[in-house]
Amino acid sequence: MTLMEFFGCTFIAFGPPAALFILTIANEPLRVIVLIASAFFWLLSLLLSSIWWYIVIPLREEIAFGLVFSVIFQEIFRLLFYVLLGKAAEGLKTFCQQGEGDTNMLSLVNHRHLMAYVCGLGYGMVCGTFSLVNILADMAGPGTIGIYGDPQNFFLASAFMTLCMVLLHTFWGIIFFDGFYTKKYYQPIVVVLSHLLVSCLTLLNERQPPMYLASILPAYASLVAMGIWAFTIVGGSPRSMKAYVVRES
Amino acid sequence: MAHLSVILAATFLLLGVCVSADRTHQKIYYDISDSDFAMCYRRLNLTHETGCSSSRKGNVGVLQFLETPENVTWLIQNGAHAPYVALLTPELFVHDVIYKLRDSGKINGLLVIHTNLSDYLPPASFSPDSSCPNEYNSMYSGNSTYAHCSNVTWNPDGDSLVFQRFDFPIGILKNWTQIEFMIENCYRKFNEPVDGVVGPYPLCAAQVKSAMDGAKDTPTCIRRSNTITNLNPIGYCDPLGDMNSFAFIEPLNSTDTLANESVTLVAARLDSFSLFFGTDPASDSSVAGFLTLLSVVEALSKVKDKLQTAVKDRPILFVLFNGEAFEYIGSTRMLYEMENNFFPGFLQEDDIGAALIRPEHIGNFIEIGPVGIPEEDSLWLHTDPVIAANPSIKEKTDYLVTEMKKAATGAGLNVTSAPEVQPLPPASFQAFLKKYSIPGFILTDHRSHFQNKFYNSRFDTHDRISVVYDNVPANETYDHITQGAKNLAKAATAVARAVYALTTNSSDDSIVADELTMTHMLYCFLIDHQCELFNSSLSSANAALLEKHAGTDPFSTYVGINQGGSSRNWVSILAHGILSRFSGETETEESLNCTLTKTSECEKKCKEKNDNDKNSYARWFLYTWLQGPLNITTGERPGICVKSTANGSVARSAAFDIDGYDWQSNEFPVWTESRWSNDAMLVRVFLLPEHSYEVALLCGGLALTIVFFFLVCCVSKKSDAIFKSTPDSS
């Protein structure tokens with residue numbers, strides 16, 4: 001039985017996002033609501049991508065075609081959600097004030113970076129779920145991949161790729177929203193380009209034999225880059241980090 | 001739903017983690033298609049369960065291809081990756097090897113190659129039946145001299161595999177391409193030991209599933225099935241059974257009761273079995289016998305006019321018994337019906353002077369047993385030594401035998417009496433003799449033990465009874481008269497003449513069984529069921545089903561289950577259709593009062609006739625609308641209305657139909673077949689990952705998660721300190 005493989009991959013792909021969700025989001029209802037709303041917008045982009053793929057019959061077999069459009073749709077819906085949040089901010093504020101006046105709740109609306117992070121994580125989690133759940137379902141059975149000569153580490157690569165995408169979406173969310181807020185429009189453009197780049201790199205997995213490292217290494221490189229950028233955007237700096245570490249020790 | 005899954009599949013491509021448009025499932029598993037394997041399944045009797053069952057999810061084991069006895073020894077002694085699923089050559093799939101493998105405890109399933117390739121020939125002999133078939137329902141079971149085949153072991157090759165219980169599934173694989181994949185891409189690539197050492201993981205494994213619902217024994221299973229637990233009753237097993245077919249040359253005179261010992265009963269059995277579902281061609285075990293009987297019916301129908309007066313006093317009853325391989329289900333049931341005055345079923349006891357047939361009315365019993373492989377170029381007559389103790393019975397039996405031999409000599413057939421000290425071989429006749437003393441004989445191809453080395457097995461194929469088509473062009477095979485057809489036609493001629501002589505006390509050498517008809521029947525039952533004879537002997541609805549029936553494999557002769565209705569299996573439907581045509585006559589346009597070009601009108605008339613004729617004589621007839629022969633010019637089948645006495649009676653043990661039947665009385669056979677769900681049978685191969693790799697993966701995943709929890713916890717506590725951001729003014 002490959003049940004251990006199943007759980008191993010599940011933990012790799014969804015353990016870190018679960019940690020983020022449980023420790024930073026789950027205990028605050030408003031964040032959960034925003035996260036779900038964000039996930040719903042990703043689903044809408046998926047629906048549109050699927051319809052688009054279904055309509056354009058001649059290019060159905062061309063994965064690259066669907067892939068590029070899917071990335072574009074995802075980013076359009078991220079923008080739409082940003083616009084919607086802006087419109088909803090006032091209402092959310094009222095909603096919070098009418099209640100107990102919980103400062104934590106208000107802080108979400110007041111901290112735009114926190115809002116961007118919640119949206120990004122929601123986007124990433126649903127994306128990760130959809131990309132891995134089918135594979136996970138097949139993984140639980142008694143067999144593992146390879147009878148047709150496919151590489152053994154397919155599951156592992158899929159899990160790490162999924163994790164990477166979840167975290168990337170989180171960072172992209174922060175950079176993207178900040179770009180529009182501060183009118184630095186090059187930021188969303190970089191997000192779209194890096195999304196396209198990472199996605200297109202996975203096309204390499206189609207080759208025989210697949211080059212998993214060729215897609216995973218650049219993906220993680222861009223994850224690190226995006227992470228650092230997002231870190232600085234939200235006000236972090238090497239100095240603050242150092243100060244924190246020193247204080248802790 | 002299909003669209004949804006397409007969209008989902010497409011989506012996950014878009015997300016860039018999949019490598020092709022297939023489900024990952026298809027990259028993991030190599031599935032053997034349903035039609036290319038056959039599994040051993042489960043049956044229950046009074047006290048035991050027999051056959052195989054896997055676990056609910058199917059048994060998984062490392063695939064090991066066993067070609068030689070050395071391989072088997074290696075697996076048992078050195079195999080370190082248990083449990084195994086062994087892929088065996090047919091030659092190795094014999095009693096000893098199976099038991100050795102089972103007792104080693106290393107086996108989780110067996111697969112056997114079953115192709116007609118010359119590389120993998122069957123063993124020299126193989127019969128999954130007992131060495132003493134139907135031993136426990138034999139007429140001799142209480143007899144000190146003959147019980148348990150102590151005198152003659154009828155089936156020396158029998159190893160009783162069908163009556164064993166296996167805790168693991170066993171299946172045969174029929175498609176060479178798939179078997180080759182399993183051997184080359186699965187076994188040789190991953191599992192084959194090099195210098196006695198099996199290579200590193202991943203290893204290739206097989207999953208074999210035949211999950212059975214029934215368990216323990218028939219009484220338990222029937223009780224469980226009848227327990228009403230909710231509104232949707234679930235059954236776990238069904239009684240074995242089908243329909244017997246019978247026909248008379250002429251209807252009986254319904255105004256008189258029959259005289260004792262007046263009826264001549266000519267019988268043959270329809271069914272057989274094998275260890276694997278649906279793979280039991282039974283060429284010699286049953287087909288040769290019942291085809292001979294059908295041929296006898298045809299031959300005698302042609303001289304119906306001459307027989308007409310004689311059969312008024314000495315009716316001839318032809319019977320095809322079904323379920324005989326399982327303790328004489330069909331004959332026991334018919335005897336039960338005769339004893340209780342409802343045979344034939346369309347007559348009622350209170351009918352004035354109804355010609356009900358009771359067991360004491362039977363004067364001669366002629367049974368055609370396996371006749372396909374003549375021993376010493378002769379057929380053999382078996383008579384019962386026990387009832388021969390009665391001088392009058394002995395005298396009548398001797399007379400029968402003499403008439404048969406005389407007829408055989410006339411037909412150019414050697415017929416010899418089997419040694420008189422021998423008991424009867426397993427046959428329907430025994431079910432009658434168990435209670436009644438009836439003179440009769442069984443015509444077989446063996447002197448003592450069976451000639452057939454593959455009795456009731458998957459190897460009992462057409463070539464065993466000399467039905468071979470070497471170097472015959474494909475378009476001529478249907479009409480090609482084989483040696484087997486000649487043999488059987490000769491036997492049929494002899495039997496037909498003997499029956500004629502017994503009935504009329506005169507001989508008629510013009511009676512000849514048609515070789516070509518026999519040829520067609522053999523071809524259809526044993527070679528290819530998409531044939532003219534079958535198509536013309538079926539109703540149009542059944543013909544449509546026949547056309548849809550995949551493959552050309554012979555139809556299974558296994559009796560199957562009877563849930564209480566009058567459903568028949570294919571062999572039963574076809575044998576009955578042919579019996580109707582041979583024993584009856586085709587209604588003409590005048591008698592039907594319609595023109596045959598207007599098919600539907602005639603069909604309606606035929607049906608009306610069947611429904612209307614209820615007066616006591618006419619109800620002996622059934623009017624059946626069959627497709628009939630092909631009109632060559634139009635390419636259509638206008639249809640025929642067959643008027644025949646051929647009728648059916650239930651072949652299902654009375655035990656299931658008697659209220660409050662005492663199971664322990666052992667009066668009737670109580671075989672049942674376990675039910676299984678639609679997805680209960682499966683064979684597939686795939687790779688198994690190394691255990692340590694799996695553990696590493698799981699630990700890695702867990703570690704990653706824990707580290708992240710720790711990090712996130714630390715960072716989120718001090719987020720204000722790290723991210724020096726202030727609340728937005730907006």
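Computed from a prediction, not measured in an experiment: that's the story for all the values here. Below, each value reflects all heavy atoms present in this structure, side chains not excepted, and no hydrogens, waters or symmetry copies. Quick note on labels: first sequence line is chain A, next is B, and so on, each numbered from 1.
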Can you check ring-ring contact (aromatic ring centres under 6.0 Å, His included) on W53(A) and F65(A), steps first, answer last? CA-CA 8 Å; W53(A) 173 84; F65(A) 164 78; 9.6 Å; no
Apply salt bridge (Lys or Arg N to Asp or Glu O under 4.0 Å) to the pair D178(A) and R112(A), showing each step before the final yes or no. CA-CA 8 Å; D178(A) 183 71; R112(A) 57 185 176 85; 2.7 Å; yes
Is it the backbone or the side chain of [X] that comes under 4.5 Å from a heavy atom of chain A, or both, or neither?
{"X": "C713(B)", "answer": "both"}
{"X": "F181(B)", "answer": "side chain"}
{"X": "V707(B)", "answer": "neither"}

Using the ring-ring contact (aromatic ring centres under 6.0 Å, His included) rule, take Y120(B) and W176(B) through it: C-alpha gap first, then chi angles, then the decisive distance, then the call. CA-CA 11 Å; Y120(B) 297 108; W176(B) 176 245; 5.6 Å; yes
Among [options], who wins on heavy-atom pairs under 4.5 Å with chain B?
{"options": "A18(A), A137(A), G146(A)", "answer": "G146(A)"}
{"options": "F7(A), F231(A), F11(A), F155(A)", "answer": "F11(A)"}
{"options": "P16(A), G15(A), G8(A)", "answer": "P16(A)"}

Check whether the ring centres of Y29(B) and H25(B) lie less than 6.0 Å apart, and answer yes or no.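 Judged by ring-centre distance (under 6.0 Å), Y29(B) and H25(B) do meet the cut-off.
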When the aromatic ring centroids of W676(B) and Y41(B) are compared, is their separation below 6.0 Å?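 Yes, ring centres under 6.0 Å apart.
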Checking D36(B) against S33(B) for the side chain to side chain donor-acceptor pair (under 3.5 Å) test, could you report, in this order, the C-alpha distance in whole Å, the side-chain angles of both residues, the deciding distance, and whether it holds? CA-CA 5 Å; D36(B) 292 326; S33(B) 40; 2.7 Å; yes
Among the options P202(B), C186(B), A696(B), pick out the one with the most heavy-atom pairs lying under 4.5 Å from chain A.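 Looking at each option in turn, the highest pair count goes to P202(B).
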To the closest 0.5 Å, what do you measure between CG (D34(B)) and CE (M681(B))?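 One finds 10.0 Å between CG of D34(B) and CE of M681(B).
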Which portion of [X] sits near chain B, non-hydrogen atoms under 4.5 angstrom:
{"X": "I22(A)", "result": "side chain"}
{"X": "L163(A)", "result": "side chain"}
{"X": "F69(A)", "result": "neither"}

